[in-house]
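So that the names make sense, note that chain A is the first sequence line, chain B the second, and so on, each numbered from 1.
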2 protein chains.
Amino acid sequence: MKNKAPRKKRAAVPAEAVAGAEQSAPDLGAEAHRFSQTRSARSAEILEDYTELIADLMEEHGEARITDIARCLGVTHPTAAKAVARLKREGLVTSRPYRGVFLTEAGAAMAERVRVRHRIVIEFLKAIGVPAEIAAVDAEGIEHYVSDATLAAFSDFVRSAPEV
Amino acid sequence: MKNKAPRKKRAAVPAEAVAGAEQSAPDLGAEAHRFSQTRSARSAEILEDYTELIADLMEEHGEARITDIARCLGVTHPTAAKAVARLKREGLVTSRPYRGVFLTEAGAAMAERVRVRHRIVIEFLKAIGVPAEIAAVDAEGIEHYVSDATLAAFSDFVRSAPEV
DNA sequence: ACAAAGATGTAGCCTTGGCTTCATTTCACT
DNA sequence: AGTGAAATGAAGCCAAGGCTACATCTTTGT
Ligand SMILES: [Mn+2]
Ligand SMILES: [Mn+2]
Ligand SMILES: [Mn+2]
Ligand SMILES: [Mn+2]
């Protein structure tokens, strides 16, 4: 006796229902497309946090050291070092052995974009009544998943509702 | 000639400045704590999406098949199968070879929480003026990073601002 | 009944992001 | 100038989440 469970007809989800199937291309369905977008945002998340943090450290202390980066992020130094190696490979930072980490133009540009986003998200959360400490935590995650349209909506809201 | 770069004093970031250092415990600084929280949210992200999707498929078609899950998420079936194995390990679903996937009580509970959050985030984004399709994409990522406090703020906002 | 097609499983590869442990380099201070 | 502590690097482990390729089971239809 094995596998006696009743089995409905196959193709419970007709391919066409889920696949937008409008034209050519790999054409994932709308559903799948949504998740794909989120996945790619997720893979950029760490790069964004690092560039932002490096910019902050440079501004505050004139340099960004692996140890400081690691401490700020709450990870061990080898983890930070490995991430920096990836940033380097992707052309976002430069570094030489035993010296600090420096943003390239591309890295600085990313940092600036991320900082703006971060600020807007935090201000927005506070504006709708989220306590500052909680807003700080939530913004750290949310910031990587807001599209330009959503960011604009956030920013408009903050401007139009100065006080509560 | 090597490593001639000027080097500032060490301890650019005095440990106390970054470590909350109020009491005992591993006591990461506030900064580090923020990122830790986000990291743990990130690791739950996939579990949440799977349980939610499984619940949706069961509701719509009476069953959740690996293939359908994979297609909806836009991943290959081995990827979905591996994720289901993890869900199983974590006690969120059950499954038998060549049969579908079923939520356990814990899984169903998670799915329900996630669905509520998803709905609120989407309604909220639309309420502040984000176009529906964009809101759908952004919500897919944001939903995993909203605390209860933020969710409450979102929900309050939607209730108090029915039309625009 | 059976064969083709579709669904599922299995194995194995890659990258990322964590970690520990140990070696090496630099720096600050005596 | 010398030395000990701190910072950095390097090696290697693990889990997660992607993938491809191939094997096996189930269903559907003839
Ligand atoms: Mn962040
Ligand atoms: Mn940030
Ligand atoms: Mn999601
Ligand atoms: Mn969702």
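Put simply, CD on B/Glu45 is 17 Å from C1' on D/dA15, counting in whole angstrom units. If you take CD of B/Glu48 and C1' of D/dA16, they are 16 Å apart, rounded to a whole angstrom. Summarising the geometry, the separation between CD1 on A/Ile66 and P on C/dC27 is reported as 15 Å, rounded to the nearest angstrom. In this structure, A/Arg96 atom CZ and C/dT24 atom C1' are separated by 18 Å, rounded to whole Å. If you measure from atom NZ of A/Lys88 to atom P of D/dT8, you get 13 Å, rounded to the nearest angstrom. Taking atom CG of residue B/Leu87 and atom P of nucleotide D/dA16, one finds them 11 Å apart after rounding to whole Å. When the C1' atom of D/dT26 is taken as reference, atom CZ of B/Arg99 falls 8 Å away, rounded to whole Å.
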Tell me, for nucleotides 17-22 of chain C in 5' to 3' order, what letter each nucleotide earns: B for a base near a protein heavy atom under 4.0 Å, S for only sugar-phosphate near one, - for neither? BBBBB-

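With salt bridges taken as basic N to acidic carboxylate O contacts below 4.0 Å, none links B/Arg42 and B/Glu45.
For the helix from C/dA1-D/dT30 to C/dT30-D/dA1, the end axes, each set by the C1' atoms of five terminal pairs, are bent relative to each other by 10° (nearest 10°).
Each of B/Phe154 and A/Ile122 belongs to its own hydrophobic cluster when Ile, Leu, Val, Met, Phe, Trp and Tyr are linked at side-chain heavy-atom distances under 4.5 angstrom.
One finds no side-chain N or O of A/Arg71 lying less than 4.0 angstrom from the OP1 or OP2 phosphate oxygen of D/dA6.
The listed nucleotides are C/dC27, D/dT8, D/dT26; the one nearest the side chain of A/Tyr98 is D/dT8.
Shown here are the salt bridge (Lys or Arg N to Asp or Glu O under 4.0 Å) partners of A/Arg117, two or more places apart in sequence or in another chain: A/Glu48. Residues satisfying the side-chain hydrogen bond (donor to acceptor under 3.5 Å, both in side chains) criterion with B/Glu52, sequence neighbours excluded, are B/His118. Under the side-chain contact (heavy atoms from CB on, under 4.5 Å) criterion, B/Glu112 pairs with B/Arg115, B/Val116, B/Arg119, not counting sequence neighbours.
B/Lys126 places no side-chain N or O within 3.5 Å of a backbone atom of B/Ala135 that could act as its donor or acceptor partner. The backbone N or O of B/Gly100 lies less than 3.5 Å from no partner atom in the side chain of B/Ser95, so there is not a single donor-acceptor pair.
Remark on DNA chain D: of its neighbouring residues A/Ala64 and B/Arg89, the 5'-side contact belongs to A/Ala64, judged by nearest-heavy-atom nucleotide.
Ring-plane geometry between B/Phe124 and B/Phe157 is classed as perpendicular, the angle between the planes exceeding 60 degrees on a 0 to 90 degree scale with a lower cut at 30.
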Show me, pair by pair, the donor-acceptor contacts under 3.5 angstrom made by side chains of residues 75-82 of chain B, not counting sequence neighbours?
residue, atom, partner, partner atom, Å
B/Thr76, OG1, B/Thr79, OG1, 3.2

